[in-house]
Protein chains: 2
Amino acid sequence: MSGKRSLIRSGTTVDQMVRAIGDRIVTGFLRPGEKLDEASLAARFDVSRTPVREALGRLSAMGLVERRPNRGATVAVVTQEHLASMFESMAELEAICARFSAERMTAGERRALEVEHQASARLVQLAAEEDYEYFNTEFHTRLYRGAHSKHIYELTVMTRSRLAPFRRAQFMLPGRLAKSWQEHDVIVTAIMRGDGAAAGNAAKDHVSIVSEASAVFAAVDPMKSETDSIGVSSYK
Amino acid sequence: MSGKRSLIRSGTTVDQMVRAIGDRIVTGFLRPGEKLDEASLAARFDVSRTPVREALGRLSAMGLVERRPNRGATVAVVTQEHLASMFESMAELEAICARFSAERMTAGERRALEVEHQASARLVQLAAEEDYEYFNTEFHTRLYRGAHSKHIYELTVMTRSRLAPFRRAQFMLPGRLAKSWQEHDVIVTAIMRGDGAAAGNAAKDHVSIVSEASAVFAAVDPMKSETDSIGVSSYK
DNA sequence: CGAAAGGCAATTGCATACACTTTTTGCCTT
DNA sequence: AAGGCAAAAAGTGTATGCAATTGCCTTTCG
């Protein structure tokens with residue numbers, strides 16, 4: 001190849017490829033079921049096939065692409081059943097994190113959770129969807145960390161990343177912001193008084209509602225009729 | 001390279017490498033923290049470095065090896081905290097599977113579970129550790145499948161595979177076989193009567209006991225004093 | 001004598017070349 | 001005209017070579 005790959009960010013070439021391809025999948029630029037040709041990708045990003053192959057391998061491990069021996073890689077196609085299964089798992093994992101957080105969070109962690117949560121109330125009043133989504137991610141990450149269990153944290157973050165494409169639109173539903181905050185409030189209250197069971201139930205309900213909100217968008221997905229499956233392009 | 005790779009089993013070369021290296025890690029032949037040199041591994045298995053690299057990438061995704069850019073790969077070192085975290089996660093995941101199984105298993109699945117469970121009683125009487133371990137794996141796999149949730153299944157199987165090295169010795173403890181069967185019996189009974197909560201609690205207790213049994217072995221691990229961490233070589 | 005800087009060997013990362021598998025296309029047969 | 005077979009083209013899997021980074025060792029200066 002001729003040109004440099006100077007315009008891409010730092011890190012190893014493979015890391016950049018994982019981010020680049022992963023982003024295009026998550027944002028729906030690459031559609032589910034679409035074939036990922038190694039040579040084309042290599043040419044597209046001006047690298048050789050070797051890092052492309054390694055990136056595809058990692059993305060396959062992440063569940064974003066599917067690979068069959070000697071038959072190449074395709075953008076993972078997520079069926080309705082599998083999507084439901086992932087949301088269900090997410091609800092259970094969040095419940096575990098909330099329960100453990102209620103039982104194990106340090107005083108500092110509890111305080112930080114409470115402070116940030118209260119601060120986010122302003123974003124609801126301002127209807128600042130973008131900022132609220134950022135704080136929402138932070139909030140949940142605090143719960144995951146508060147569980148003080150590295151493996152649970154890994155499983156939860158992994159599942160969340162796989163669901164990322166399907167959660168984008170949740171705050172576009174009218175009144176979702178305020179409802180989300182209220183649900184957070186129930187979780188926080190339970191955690192502050194150390195009630196693990198209540199925190200877990202509240203967290204599970206919270207995710208279930210998000211799941212249903214996303215299902216609304218999935219249902220009107222124009223791709224659905226085509227393949228009877230829902231892909232990451234749902235939000236385009 | 002000169003020779004063929006005909007003596008290894010079928011599948012792509014990378015698959016074989018993953019199995020070969022993974023087995024050596026799981027069985028403790030390769031010790032935690034040990035450096036995995038690409039060229040040496042390639043020479044050892046008579047392949048080029050390319051499939052070795054890809055295999056190391058997959059094993060890294062599995063959590064069996066750790067990789068740092070430009071610094072090569074090493075056999076993953078599992079700290080006591082992380083090990084405890086994984087067992088804890090396993091207990092929660094098994095609980096979820098058992099609960100869902102109680103609620104969702106088909107009549108056929110319930111029958112098969114019951115039949116196989118009853119059949120395994122003979123293995124306890126015969127003190128057939130090897131065979132019982134096989135049935136034990138089958139039993140738990142039935143629970144994972146019975147949850148009828150693909151993602152939960154994936155998370156559970158993944159966690160189990162990462163814990164595999166640490167579960168080997170559990171049945172070597174005196175009386176563990178009979179106790180294991182009795183614990184299975186509680187789970188099966190709860191599932192048969194559709195009591196999700198009871199099945200979940202029983203499953204959680206079951207794993208917790210396994211965890212403690214493994215902790216016994218971990219505690220006497222000779223490597224422990226060396227690195228203050230527990231590796232897959234515990235059972236050699 | 002110790003510490004830091006520079007060079008050297010070893011190893012990883014990427015590119016390219018080759019081999020094998022799969023798929024497609026075109027021709028021949030029925 | 002339709003179906004099947006064969007050959008070529010496309011694409012993946014593996015091997016090897018080269019560049020770049022890392023860690024160690026030596027050397028030199030304080």
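Chain letters run A, B, ... following the sequence lines, proteins first and then strands; every chain starts at 1.
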Open item on the list: Would B:His140 and B:Glu94 count as a side chain to side chain donor-acceptor pair (under 3.5 Å) here? Give the steps.
Closed with: CA-CA 8 Å; B:His140 285 272; B:Glu94 291 250 9; 2.9 Å; yes
Could you pull out the protein-nucleic contacts involving nucleotides 21-24 of chain D (nitrogen or oxygen on both sides, under 3.5 Å)?
residue	atom	partner	partner atom	Å
D:dG23	OP1	B:Arg71	NE	2.7

TODO: For the side chain of B:Arg53, starting at C-beta, report the closest nucleotide among C:dA15, C:dG13, D:dT12.
DONE: C:dG13
- [ ] Scan every strand shown for a Watson-Crick or G-U wobble partner of C:dT30, both distances under 3.5 Å, and answer none if you come up empty.
- [x] D:dA1
TODO: Take atom CG of A:Asp37 and atom C1' of D:dA10, then tell me their distance rounded to the nearest Å.
DONE: 9 Å
- [ ] With sequence neighbours excluded, tell me which residues meet salt bridge (Lys or Arg N to Asp or Glu O under 4.0 Å) with B:Glu54.
- [x] A:Arg53, A:Arg67
Open item on the list: Holding to side-chain contact (heavy atoms from CB on, under 4.5 Å), I want the full list of residues that pass it with A:Ala91, two or more places apart in sequence or in another chain.
Closed with: A:Lys204, A:Val207, A:Ser208
Open item on the list: Can you confirm whether A:Arg104 is buried at CZ, in the sense that more than 12 heavy atoms of other residues, nucleotides or ligands lie under 6.0 Å from that atom?
Closed with: yes
TODO: Would you kindly say whether A:Tyr144 and A:Ser101 are connected by a side-chain donor-acceptor distance under 3.5 Å?
DONE: no
Task: Side-chain N or O of B:Thr50 closer than 4.0 Å to phosphate OP1/OP2 of D:dT14 - done: no
Open item on the list: Does a side-chain N or O of A:Thr13 approach OP1 or OP2 of C:dC14 to a distance below 4.0 Å, or not?
Closed with: yes
TODO: May I ask you to evaluate whether B:Arg49 reaches the phosphate of D:dT16, defined as a side-chain N or O under 4.0 Å from OP1 or OP2?
DONE: no
Open item on the list: Measuring to OP1 and OP2 of D:dT12, would you say a side-chain N or O of A:Lys35 lies under 4.0 angstrom away?
Closed with: yes
Task: Of B:Ala39 and A:Pro51, the one whose closest DNA chain C nucleotide lies more 5' - done: B:Ala39
Open item on the list: With no hydrogens and no angle check, just 3.5 Å: does a side-chain donor-acceptor pair link B:Glu81 and A:His148?
Closed with: no
